[in-house]
Amino acid sequence: MKNIVILISGRGSNMEAIVRACAAEGWPARIAAVISNKPGAAGLDFAAAHGIATAVVDHKAFASREDFDAELQRVIDGFAPDLLVLAGFMRILTPAFTAHYADRMLNIHPSLLPAFTGLHTHQRALEMGCKFVGATVHFVTAELDHGAIVAQAVAPVLDGDDADALAARVLKLEHRMYPSAVRWFVQGQLAVEDGRVRQLAGEAQSFS
Ligand code: GAR
C-alpha cells in the first residue's frame, strides 16, 4: 500500500478526482493526507468529509521560503509519503524541498510544457494565437514547471473562447489525466529514461 500526500491551495478539483479514482479503481494506495498552504482552501472540506487527514501550513506565517518549506516537509513526512502530488498548489518550492522529494513528486500545470511555464497560461496562449491549449503532468525538479513529462492533454481553441472557457475545457481533461498518471506511479508503471517517461503497460500518455 503506497501513501499519497496531496498538496492544494484552493478548490482542489484535481485532488477530488484523484481521491475518487483511488477509491473506485482500488489502487494499491491510500490518500494519507491533503495539505493546504491556505487556511480556507475549499478542497480541505471535501478531504475531511471523506475521512482523509488534513493539515494547513500557512505560508504567511513564515519569514522565508526556506522556513515555510522546512515546516511543510516536516508535516508531509509525518504521513510517510511514497508520492507527493501537487494539485493546484501555487507555491514556488526551494531546491532543498524538491531534492528531498526527487522522483516521487508530481505536478499538473495548465499548459503544453515546455510552453507557458508560470501563471496565466491560457490567457497567454490566446494572445499568442495558439490553436491548441492543454495541461501537463510532470515530475517536479528545482526548475519551475520543468521535469520529465508523464502525460499531456490537448484541447482546441475555438472562436470566441476566453481564458475561462479554455481553463474549463482543459480542466475536464486534467480530471482524467491526473488520476491516470498517479495510478501509473503507484502501480510502478513509469520508467524515466534519458529524461523521458515511458508508461510500461502501454497506456496512452496523451489525452484529448
Ligand atoms: C488546475 O487547472 C491546475 O492545472 C492549475 O491550477 C488548477 C487547480 O485547480 N495548476 C497550476 O496553475 C499550477 N501552477 P483545482 O484546485 O481545482 O485542482
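Residue numbers count from 1 along this sequence. As the structure lists them, so they are numbered: ligands from 1, and atoms in each ligand from 1. Only this structure's heavy atoms are used, side chains among them; waters, hydrogens and symmetry mates stay out.
Closest to atom 15 (P) of ligand 1, if we only count protein heavy atoms, is S13 N, 3.4 Å. Nearest protein heavy-atom neighbour of atom 7 (C) of ligand 1: R11 NH2, 4.2 Å.
For the residue pair W27/Q187, the side-chain donor-acceptor check at 3.5 Å is not satisfied. Using modelled atom types and a 3.5 Å distance limit, the side chains of Q205 and Q199 yield no donor-acceptor pair. Remark: the T121 side chain and the H109 side chain contain no N/O donor-acceptor pair separated by less than 3.5 Å. With 3.5 Å as the limit, one finds no donor-acceptor pair spanning the side chains of H100 and D69. If you check the side chains of Y101 and D77, you find a donor sitting under 3.5 Å from an acceptor.
The residue from M177, H120, E174 that puts a heavy atom closest to atom 1 (C) of ligand 1 is E174. Among P110, A135, G88, A168, the residue whose heavy atom lies nearest to atom 11 (C) of ligand 1 is P110.
Under a hydrophobic-cluster definition in which Ile, Leu, Val, Met, Phe, Trp and Tyr are linked whenever side-chain heavy atoms come within less than 4.5 Å, directly or via other members, L144 and L86 are assigned to different clusters.
By the criterion of a heavy-atom distance under 4.0 Å, the side chain of L171, and not its backbone, is placed next to ligand 1.
Checking side-chain atoms of S111 against main-chain N and O of F116 turns up a donor-acceptor pair under 3.5 Å.
Residue N14 has at least one N or O atom closer than 3.5 Å to an N or O atom of ligand 1. Ligand 1 has an N or O atom lying under 3.5 Å from an N or O atom of G12, backbone or side chain. Checked against a 3.5 angstrom limit, the closest N/O atoms of D145 and ligand 1 fall outside it.
Each of the atoms 11 (C), 12 (O), 13 (C), 14 (N) of ligand 1 lies under 4.0 Å from some heavy atom of M90.
Ligand 1 is never approached by I8 to a heavy-atom distance shorter than 4.0 Å.
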